[in-house]
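Written below as structure tokens is the structure these notes are about.
Here the structure is a predicted model, which is why all the values come from computation and not from measurement.
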Amino acid sequence: MNYFYWHRNDWSEEKLVTLFDLAIRTLAWGALCVYLHTQFSNSSESKFPNLLRVWWGSNFSISCYSLVIDILLYKEHVSLSVQSLVFDVVCVISGLFFIYVGFFGKKEGRNTVIEEPLLNCNGNAESNNSKGGTPVTPYSNAGIFSILTFSWMGPLIALGNQKTLDLEDVPELYKGDSVVGSFPNFRNKLEGECGADGRVTTFHLVKALIFSVWKEVGWTGLYAIFYTLASYVGPYLIDTFVQYLYGRRQFKNEGYALVSAFMVAKLVECLCLRHWIFKAQQAGVRIRAVLVTAIYNKGLTLSCQSKQGNTSGEIINFMTVDAERVGDFPYYMHEPWTIILQVGLALVILYINLGLAAIATLVATIVVMLANVPLGSLQEKFQEKLMESKDKRMKATSEILRNMRILKLQAWEMKFLSKINELRKTEAGWLRKFVYTSAMTSFVFWGAPTFVSVVTFVVCMLSGIPLESGKILSALATFRILQEPIYSLPDTISMIAQTKVSLDRIASFLSLDDLQPDVIENLPRGSSDTAIEIVDGNFSWDLSSPSPTLKDLNFKVCQGMRVAVCGTVGSGKSSLLSCILGEVPKISGTLKMCGTKAYVSQSPWIQSGKIEENILFGQEMDRERYERVLEACSLKKDLEILSFGDQTIIGERGINLSGGQKQRIQIARALYQDADIYLFDDPFSAVDAHTGSHLFKECLLGLLGSKTVIYVTHQVEFLPAADLILVMKDGRITQAGKFNDILNSGTDFMELVGAHAEALSVLNSAEVEPVEKISVSKEDAEFASTSGVVQNVEGTDVQKSKTDDLPKGQLVQEEEREKGRVGLSVYWKYITTAYGGALVPFILLAQVLFQVLQIGSNYWMAWATPVSEDVKPAVETSTLLTVYVALAVGSSFCILFRSMFLATAGYKTASLLFSKMHLCIFRAPMSFFDATPSGRILNRASTDQNVVDLNMPGRIGALANSMIQLLGIIAVMSQVAWQVFIIFIPVIAICIWLQQYYISSARELARLVGVCKAPVIQHFAETISGSTTIRSFDQESRFRDTNMKLMDGYGRPKFHTAAAMEWLCFRLDMLSSITFGFCLVFLISIPAGVIDPGKIISVERLLQYTTIPSEPPLVIESNQPDRSWPLLGKVDIHDLQVRYAPHMPLVLRGITCSFPGGMKTGVVGRTGSGKSTLIQTLFRIVDPASGQILIDGIDISSIGLHDLRSRLSIIPQDPTMFEGTVRSNLDPLEEYRDEQIWEALDKCQLGDEVRGKEGKLDSTVSENGENWSMGQRQLVCLGRVLLKKSKVLVLDEATASVDTATDNLIQQTLRQHFTDCTVITIAHRITSVLDSDMVLLLSHGLIEEYDSPATLLENKSSSFAQLVAEYTMRSNSSFE
């Protein structure tokens, strides 16, 4: 417009030249932009072209020349237009920037998230900027401008706006941030710090962590300094600005200079803050990853004793809570010293404005900060107690989830839920103290700036320092900035306290004892004929115990020998194998081993994943060997029946396989390894007689014929095939030699063989002639998922960086996550959970009043003070201060009420959500646990619950605070300068649009963070439980690599969530800086509360688990059976059809039969014939598709689950003990007296064992009962049913884990004490069912035979007669 004005008033040549100059520049830069966009957008060059760099260089030179001329002319007092000066300054700055980009910067790579080549034609598996098919984050090769503005996040945010983001859309971390790149440096530094003794202290850990992120620490420190300096430019210049407005100008164009200074300071402040936060989060991702990896690696090498002190639940807490917290700390790292810097700068500004009154400010600030010391130490104490109680709760939760099936069968789940609730009550007590202490801290510090300003102004009044409006406004602005360090101090102190607690816990865990490295002396492979030799060996699980677990061991095993280990329950057989594996601490003696080893544990350890992966266990596929192994382990038939064959995904802990199938997969895993030495811990007990014979013949005598094999067994018939038999008793080898040599040389072996002979005599009394040799058929039976529903959902193999497309129908589903926007209902449910939302209006009212009083007090001080000394004040100084103090006290009390209400509402909400979610989990049907890995449930119970406990109330409060603050500012601005709305309205519109554009990506990234965490936890829990197996196969390095991959999978969405947040905040900051109304500066405080969807996702995830479909009611009041029911125990089954899910085939296909009351019925059949399914239906773990079961004439589906399950007894296939005491294991519901418990212990032959323990009935049982042998655990289960004395008793392969003598003893006890009860026995040992009154033989889900054993045996062609003949043949044959 100016130039058109010139045209009307005759143009001068100078003006004409200026106009042309501007026009040509505009055209040139426009042409350059078009050229750049078209010519170089598809170029793969990493540098910019030379022509362009010459252009930028010459442009910079001309701009510098122009600026120098301007300065010289100004010195000569030649008047210049301000526009020219500003224009030349801008040109020099932009020219400098282009020079940097042109000569030092790199052009960004094009292969970003949404621009991947359709086909990788060159056949390279990995391009140089992608790892495993997923592109590496554009951050790794972004240019300086892109990094400054976070533009490298643009493609991902654009993609998230078009579709729902999935993990494969999120780029890989670049090497420096990935755990693979950063962990080796951390480990080396930590090892270097710890020195020879290897003890990790907190100091060592902190040094190693800082070393691994020192660059980020340096950068964030630099950003913190510049941010702090820039933030004080405003308060420093306000007085000058006010004086300028009142017409006191010190030089020409002072106004422009002031506005420029404000602008530049604002831009520097914005850039530094955004990059400070981002770099801190980047360091956090790395710290979290290296800590979790260190904890995981430690978990793999922990000694048994250390493991007993730290259960898997506690160790998982180190990963989920402690490592997370330390990862959040880098943001707070610089706070302590920046607080000192900020207070120092504030005092300098106050001294310039108010003179010596600044000393009063310093004293007041110190008083406020000191007031925080006792609160801070209280917070640290409460935090520590809170973490301890959380550990206990997580430990119990983890154990309960593992054993949920037993709890449901025994009708104990509500008792154990009340145990969890008790633990939570203790935790909630500390939580309540913690949140109320935080509320008090919040009150102290929100009141602090007001207190400081009151003290300062009173001192000014008393000492006669004049108060002018400019100085007052400058002081108020300074106090406002001083608020920040004072506000953030409680947070910082609390964060330092929490982080210190977490670091102490992690350091003490990392310095626990590892397995002794020198237990085994490994000889080079093939260097000796001796495979294993132990000389004078004494070993003990507990080194402090006076009597060792294994004593005076002396034996030698040559290469290729078969060694059998036998003995009664608890004699130390499994400990002997563990000792050979190097798991048991050595007291004295030597143990030499030559060759690689493979191990099959007594209780199967199966990884969740494909069956094929479980068998290969890290080895390459050799199809021929693989087929041979499947054949030998009788797995062919099972795999044919499965819809996906060996690609079937196994649920957690092999939940969708029968006991026999798990054991055979374990054996197949060992066989496939092709090791030199094989250790078998009684693997044949979990399979039926026919399969056991087949496995022994094909595996031990066939494939492993030339290998060294040591096998523990209770089956006497497998002993003659051994070259050496070791008979164990009380931890000693009492006899050693070949079968016939030791048969007559001692009593221990005679007892075992005698018990076997006694069992066989039952067979002989039935006068069975062995049938002609029966071929060991491979028709092993139809596969039936003995537990667990296979749901029609997509499964995901999360351990791979790219997701395999798995067919539908797999058991383990991809973790469910909501998609799209976080529903308002989530926010609504959260704020209305506590007291129906009654406290919300009070919280809002307190916040509104606080804002009104704050604005009022500032307005009062500005209005009532004069502009300068020579102007008369509007009111007396005493009135001025009295009103100000009254307003200040009022605003402080508003904050106190807000903090207290917020803490109360947050605490109550967290408690209610906890109770609701846990009740739903405990009442969920068994199918839910079969299809949901416990990692997912534990993730919600720890991480998400932690967020709801500690973070959500603050977030919701900050959101309300930001909104009310913004409304207050708008109200003030509308009164003072309404014209600002011309800019304000479009800027708000752009802000809202930016938020909407960003939110879809941010929300899905936050959800992916939650989803990617569960696999890390699950993999860790699996590793801890299978660490012995992993070590025995020397597979530690592979498991460590998998953990690193999973950790990086979790780090990817975490890193990009942080970047997405800064992308938005940077743009909003820029808008506010450009608009430069003070009003919009506060708009920036919105993102912290409103637009971070990460925390509210935790509420969403907890709410998901409050809607799990429930089992049928526990008690139906209108239909409760009599207390004496069942009186007879008669079980009638009518046309029973059962399937595990609506879309799956029937497992039981129409069974009709009656089990007479008070009689013993044996249920037999090949693996997978439906035996266990029948039992599960009897207990209503699965409800029938049609048909019914009546017990004493009552339909079991018409009564409550607890009424049914509490009247039946079961000894399950997997003997389970819980952490606690002997008493709590036998009588968790606390229904019986001590005398009754002792009586039951004596009946099940454990009385003397328990009396020998120090604590008697209160002696401790460790996690999973690991300090009791498998056989002893089985006897404890027998003790439970002897206490309960139910009319109907089910034995589900109850004697699988005990030797024949103990089996006979159990059978005798049952005959003696359950004479008038209905006993239903599922057994693999035929002798266990031979003395039954009736035998039910199942095949393919149908009844094949049902009659008394004598009648069935008379018919030589009956299937039962053939099974017995097989068993007899096996028992009489020696497999030699």
Side-chain angles (χ1 to χ4, degrees), residues 198 300-304 513-541 543 548-565 572-601 617-619 625 667 669-681 699-700 703-712 722-726 728 731-733 736-738 1027-1040:
L300 261 180
T301 59
L302 271 189
S303 69
C304 185
D513 290 333
D514 285 342
L515 286 168
Q516 286 180 3
D518 57 348
V519 172
I520 302 175
E521 188 185 322
N522 280 305
L523 306 173
R525 196 173 177 182
S527 65
S528 168
D529 289 339
T530 306
I532 298 164
E533 184 179 15
I534 300 183
V535 180
D536 301 332
N538 288 287
F539 300 83
S540 179
W541 286 114
L543 290 172
T549 313
L550 298 169
K551 303 176 267 290
D552 309 325
L553 296 186
N554 282 289
F555 69 92
K556 179 176 176 179
V557 178
C558 295
Q559 298 284 2
M561 270 177 82
R562 273 194 299 279
V563 180
V565 182
K573 302 182 297 298
S574 296
S575 294
L576 178 65
L577 289 195
S578 297
C579 135
I580 294 169
L581 289 169
E583 298 286 319
V584 188
K586 180 169 71 175
I587 299 170
S588 63
T590 57
L591 162 54
K592 291 179 183 169
M593 180 180 281
C594 177
T596 57
K597 55 193 185 299
Y599 168 66
V600 179
S601 57
F617 206 55
Q619 299 279 22
R625 174 154 52 122
I667 296 170
R669 173 172 65 206
L671 293 186
Y672 191 80
Q673 294 298 308
D674 196 24
D676 301 321
I677 301 166
Y678 282 82
L679 306 171
F680 289 93
D681 193 353
C699 300
L700 266 75
L703 282 178
L704 303 180
S706 60
K707 305 280 187 183
T708 309
V709 182
I710 300 183
Y711 59 99
V712 169
D723 301 316
L724 173 67
I725 298 171
L726 304 176
M728 301 214 51
R732 282 193 168 84
I733 297 175
K738 284 186 79 73
S1027 54
T1028 305
T1029 304
I1030 295 165
R1031 286 194 291 264
S1032 67
F1033 285 92
D1034 296 323
Q1035 292 277 335
E1036 296 99 320
S1037 61
R1038 182 170 70 87
F1039 275 77
R1040 288 189 189 113

inquiry  = To the closest 0.5 Å, what do you measure between CG (L591) and CG (L553)?
reply    = 9.5 Å

query = Is a side-chain N or O of S528 found less than 3.5 angstrom from the main chain of T530, in a donor-acceptor match?
reply = yes

inquiry  = Using every non-hydrogen atom in the two residues, find where C579 and I534 come nearest and quote the distance to one decimal.
reply    = SG-CD1, 4.1 Å

query = Do Q1035 and Q673 come within less than 4.5 Å of each other through their side chains, counting heavy atoms only?
reply = yes

Worked verdict on N522 versus K592 for side-chain contact (heavy atoms from CB on, under 4.5 Å) = CA-CA 6 Å; N522 280 305; K592 291 179 183 169; over 6 Å; no

key: Steps toward side-chain contact (heavy atoms from CB on, under 4.5 Å) verdict (I532, K556)   = CA-CA 6 Å; I532 298 164; K556 179 176 176 179; over 6 Å; no

task = Give a yes-or-no answer on whether the side chains of S574 and D681 include a donor-acceptor pair shorter than 3.5 Å.
result = yes

inquiry  = So, using ring pair (Phe, Tyr, Trp, His ring centres under 6.0 Å) as the criterion, who are the partners of F617 when residues are at least two apart?
reply    = F1033, F1039

message = Once salt bridge (charged side-chain N to carboxylate O under 4.0 Å, His left out) is applied, do any residues pair with D676, and if so which ones, sequence neighbours excluded?
response = R525

task = Report yes if the side chains of R669 and T1029 come closer than 4.5 Å at any heavy-atom pair, otherwise no.
result = yes

query = Any sub-3.5 Å donor-acceptor pair from K597's side-chain atoms to Y678's backbone N or O?
reply = no

remark   = dist S540:OG -> L550:CG (nearest 0.5 Å) comes out at 8.5 Å

message = Quick one, D536 and T590 - any side-chain contact, counting heavy atoms below 4.5 Å?
response = no

With sequence neighbours excluded, residues passing side chain to side chain contact (heavy atoms under 4.5 Å, CB included) with S1037 = none

ask   = Taking atom CG of L703 and atom CZ of R625, what is their separation to the nearest 0.5 Å?
value = 10.5 Å

message = Would you say N538 and S588 are linked by a side-chain donor-acceptor pair, where the criterion is simply a distance under 3.5 Å?
response = yes

ask   = Any side-chain heavy atom of D513 within less than 4.5 Å of one from S303?
value = yes

request  = Please tell me if the side chains of L724 and M561 come closer than 4.5 Å, counting only heavy atoms from C-beta onward.
outcome  = yes

query = If we only count heavy atoms from C-beta on, is the V557 to T708 side-chain gap below 4.5 Å?
reply = yes

task = Output, in order, the C-alpha distance, side-chain angles, deciding distance and verdict of side-chain contact (heavy atoms from CB on, under 4.5 Å) for R1040 and E1036.
result = CA-CA 6 Å; R1040 288 189 189 113; E1036 296 99 320; 3.8 Å; yes

note = Looking only at heavy atoms, the pair that brings C594 and P524 closest together is SG-O, 3.4 Å

Partner residues of K586 under the salt bridge (charged side-chain N to carboxylate O under 4.0 Å, His left out) criterion, sequence neighbours left out = none

query = Would a 4.5 Å heavy-atom cut-off, applied to side chains only, mark M593 and I580 as touching?
reply = yes

note = Residue set satisfying salt bridge (charged side-chain N to carboxylate O under 4.0 Å, His left out) with D723, at least two apart, ordered chain then number -> none

query = Is the closest side-chain heavy-atom distance between L581 and L679 below 4.5 Å?
reply = yes

request  = Give the minimum heavy-atom separation between L577 and F680, together with the two atoms involved.
outcome  = CD1-O, 3.5 Å

inquiry  = Can you tell me how far apart CG (L700) and CD1 (I667) are? Round to the nearest 0.5 Å.
reply    = 8.5 Å

query = Has D529 got more than 12 heavy atoms of other residues, nucleotides or ligands less than 6.0 Å from its CG?
reply = no

remark   = Interatomic distance, CD1@I733 vs NZ@K573, rounded to 0.5 Å, equals 13.0 Å

key: Residue pair A675 / T596: nearest heavy atoms and the distance that separates them   = CA-OG1, 3.4 Å

task = State which residues pass salt bridge (charged side-chain N to carboxylate O under 4.0 Å, His left out) with E583; sequence neighbours excluded, sorted by chain then number.
result = R1031

ask   = Does Y711 have R562 sitting over its ring (NZ/CZ under 6.0 Å from centre, angle to axis within 45°)?
value = no

query = Given W541 and T549, is the side-chain contact (heavy atoms from CB on, under 4.5 Å) satisfied, shown in steps?
reply = CA-CA 6 Å; W541 286 114; T549 313; 3.5 Å; yes

key: Shortest non-hydrogen contact from V600 toward A670   = CG2-CB, 3.6 Å

key: Nearest non-hydrogen partners of Y599 and S1032, listed with the distance   = CB-OG, 3.3 Å

